[in-house]
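What you see is a predicted model, and the numbers here were worked out from it, not measured in a lab. Each residue takes its place number in the sequence, starting with 1. All values below were derived from every heavy atom in this structure, side-chain atoms included, with hydrogens, water molecules and symmetry-related copies excluded. Ligands are counted one by one from 1 in listed order, and the atoms in each one are counted from 1 as well.
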Amino acid sequence: MAVTESSSHCSSSDKGPVVPTTPLVTFLERVQEAALKTFKETNFDPKLYVDLSLKLNFSTTEKAFDQLQKSANGSLSVEGLKEFIEKYFGGAGSDLVYVEPVDFVPEPEGFLPKVENPEVRAWALEVHALWKNLSRKVSDGVHKRPELHTILPLPEQAVIPGSRFREVYYWDSYWVISSSDTGPVIPTTPLVTFLERVQEAALKTFKETNFDPKLYVDLSLKLDFSTTEKGFDELRKSANGSLSVEGLKGFIEKYFEGAGNDMVCVEPVDFVPEPEGFLPKVENPEVRAWALEVHALWKNLSRKVSDEVHKRPELHTILPLPEQVMIPGSRFREVYYWDSYWVIRGLLASKMHETAKAIVTNLIYLIEEYGYVLNGARAYYTNRSQPPLLSAMVHAIYSRTGDMQLVRKSLPALLKEYHFWNSGIHKVTIQDAQSCNHTLNRYYAMWNKPRPESSTIDTKSASNISTVSEKQHFYREVASSAESGWDFSTRWMRNPPDLTTLATTSILPVDLNAYILRMELDIAFLAKASGDNSTAEHFVKASQARKEAIKSVFWNAEMGQWLDYWLNDSTCQEPQTWEACNRNQNVFASNFIPLWIESFHSDKSLVKKVMESLKKSGLLRASGIATSLKNSGEQWDFPNGWAPLQHMIVEGLGRSESKKARSMAEDIAVRWIRTNYVSYKKTGTMHEKYDVDKCGEFGGGGEYVPQERGKAKAALFLATSCTIKEGFSVSFLKELHLMFLDR
Ligand SMILES: OC[C@H]1O[C@H](O[C@H]2O[C@H](CO)[C@@H](O)[C@H](O)[C@H]2O)[C@H](O)[C@@H](O)[C@@H]1O
């Protein structure tokens, strides 16, 4: 084929994105170039020039530089350039100021206890004292006028590598940070940080009753950021940071749009009150009426991101998703990752295929922007993901619609997401008893501060933790628990129910690895369907390896369950040797989640063992499967039952070839749907969790108050109801049985 001018131009060898730099950096590069030409090469360090800070504003400085007399090749007189630099710039490094680290002591208690040799000990203490030389904080000048500096206005004290490296570096920080907090941190936006300040002031001013911290980080600005921040800084505050109730109310009204105004209600494009072929086997008029009422809830939960957000995204914490969305409802005013799987299953039951595809498009957008699907579509969720179920969503839609275009569009994103989970901090290598290495995954948030949406709560929870690095470690564990979707649970605690002992990053979770196995199987299936056989083969192999790993590391034949595994060393730099005593023998519903995956539920004798184990486990209660056996007051513990957990276990058993397993699935489904129905009749709404010991009672515990009447977090549960289909009494057993098979 002849290469035309334009096609050769289009196929240039650089195709990747370019993030533009600031005009200040571009200008300093010009100064750097002039300096090289003027001072000549000896000892020339180009970095010095882009590290300079401006004394006056940018345009004055640039004008003065342009007015300097230059020779034809761009050099200046040495004196002229020296004078210019002295007059217009603060020295490189002056943007950071020395500070003694808050927690430095010359010989810390318990410091390297095994280093006894006096000479080595003296040296170790001298090296320890170097922290003081390397400790800095960004100067107040930078915080006041960041546009004059190339240093970024980091909020906290920092440790620099030293010498010409006058700023914080990413991977260096890993070795800088004490062993108690390791790992990356993705900075949040200045807007989120500011809204956390408003949240803190609001708690101090309005006091604790009914206080929801998330409300404040969901606010949108009416005016630009600096005007709003100035307005806030000018408010009169008492010594403890509280304001007058009227003053704060007035400020919020003047400067903010209400939380939730960033999304607008839209009728889903494909909603009809009674879709053709809707739950054909549900004949009982009462159940059918309920099913249709629940189906109608889609209209309450359907939103699109407002035009205002697309025009000025910097005024909002909501992310500008391209397509219509379904939100969980109540205080959850944005899209959530794992919730979306059950939303999609419900939409498919409601025959709303276009809405289901729109949801996938939004999640693909997040992968393209961030490299993975965020916990939720808000600026404060950019440091972690949630249980990865996108492949299962695409699989479900493709199985129902045969839409190959969707498959082709999704595959590159799924591969990117797979890479996210299978590299870096999420990846752990375990050597089993036969010296065979297995790669498995864990949750690990890229964050070590309070979660902005619950900042006041996390700060309080950490108040008895004494050192900065231990607090950071705790905050990382909190955020990592949120990444698991199980926030919070004794499952993640070393010493339950003490929340400060959360240790999620030190656990290999059974369910996460089952989801990633599912991802491998789904990618293999979708790649094959699209004709990409080599990708398909690669993922079939990956799935076989993971199945082996799950068997080797998690499966406990005596208990008939898969058990979470405690890591000895959470840095995970070296492969860890598997030890039987590291298995967490406590019973959680997650110990049964592998049943959901075909590789396991297709094995009849395995299903038999697991079923027996589930029956004896204590989890199976009158109204469904409990999350755990411990009543800790946390929402992902006893006596709460959650729809996703019921659904995965029921669907796994229901797909087994064993008749007994299918009848157990029906039994659990009936228990669960009955309590959903009774509670719906009482409260007029669907709930996110139910008390599995009390039919018709919704669940509680945790850090937020369950939704009020009519404000359902319903989609998740609609999905479950529709997936395992509606029915609430034993007389529907036969009907339910047929419905399981109809998928
Ligand atoms: O309130 C803060 C936390 O809330 C979310 O978690 C809970 O709701 C989610 C949305 O329905 C659900 O996916 C999750 O399983 C629930 O525990 C949020 O996901 C957390 O990150 C957040 O900190």
Exercise. May I ask whether E688 places a heavy atom under 4.0 Å from ligand 1?
Key: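 Contact absent.
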
Practice problem: Look at ligand 1 and say whether W642 reaches it with a heavy atom at a distance under 4.0 Å. | Solution: no

Identify, by atom number and element, the atoms of ligand 1 in contact range of [X], meaning under 4.0 Å from any of its heavy atoms.
{"X": "E703", "result": "1 (O), 2 (C)"}
{"X": "R384", "result": "21 (O), 23 (O)"}
{"X": "N375", "result": "18 (C), 19 (O), 20 (C), 21 (O)"}
{"X": "Q635", "result": "17 (O)"}
{"X": "Y381", "result": "18 (C), 21 (O), 22 (C)"}
{"X": "D339", "result": "10 (C), 11 (O), 12 (C), 13 (O)"}

Practice problem: May I ask you to say whether R518 pairs ionically with D511, meaning some side-chain N is under 4.0 Å from a carboxylate O? | Solution: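 Looking at D511 together with R518, the answer is no, because their closest N to O distance does not fall below 4.0 Å.
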
Quiz item: For E314, does the CD atom sit with more than 12 other heavy atoms under 6.0 Å from it, leaving out its own atoms?
Solution: yes

Quiz prompt | Crowding at NZ, K204 (>12 non-hydrogen neighbours, <6.0 Å) | solution =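 Above 12, so yes.
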
Quiz item: Using the ring of each side chain (for Trp, its six-membered ring), is W492 parallel, tilted or perpendicular to Y443, with breaks at 30° and 60°?
Solution: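 Perpendicular, since the angle between the ring planes exceeds 60°.
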
Quiz item: With under 30° as parallel and over 60° as perpendicular, where do the rings of F194 and F232 fit, or are they tilted in between?
Solution: perpendicular

Quiz item: Of S484, S480, S481, which meets side-chain hydrogen bond (donor to acceptor under 3.5 Å, both in side chains) against T504?
Solution: S481

Quiz item: Ring centres of W636 and F588 under 6.0 Å apart?
Solution: no

Self-check item: Proximal candidate to atom 18 (C) of ligand 1 [heavy atom criterion; set Y336, W338, Y380, W342]
Solution: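 It is Y336 that holds the nearest heavy atom.
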
Quiz item: When you measure from atom 23 (O) of ligand 1 to each heavy atom in Q386, R378, E453, which option holds the nearest one?
Solution: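 Going through Q386, R378, E453 one by one, E453 has the nearest heavy atom to atom 23 (O) of ligand 1.
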
Quiz item: Quick one: does P387's side chain get under 4.5 Å of L512's, heavy atoms only?
Solution: no

Quiz item: Side chain, backbone, both or neither: which part of Y704 comes within less than 4.0 Å of ligand 1 when only heavy atoms are counted?
Solution: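 It is the side chain that touches ligand 1; the backbone stays farther off.
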
Quiz item: Does any N/O atom on G485 come nearer than 3.5 Å to any N/O atom on ligand 1?
Solution: yes

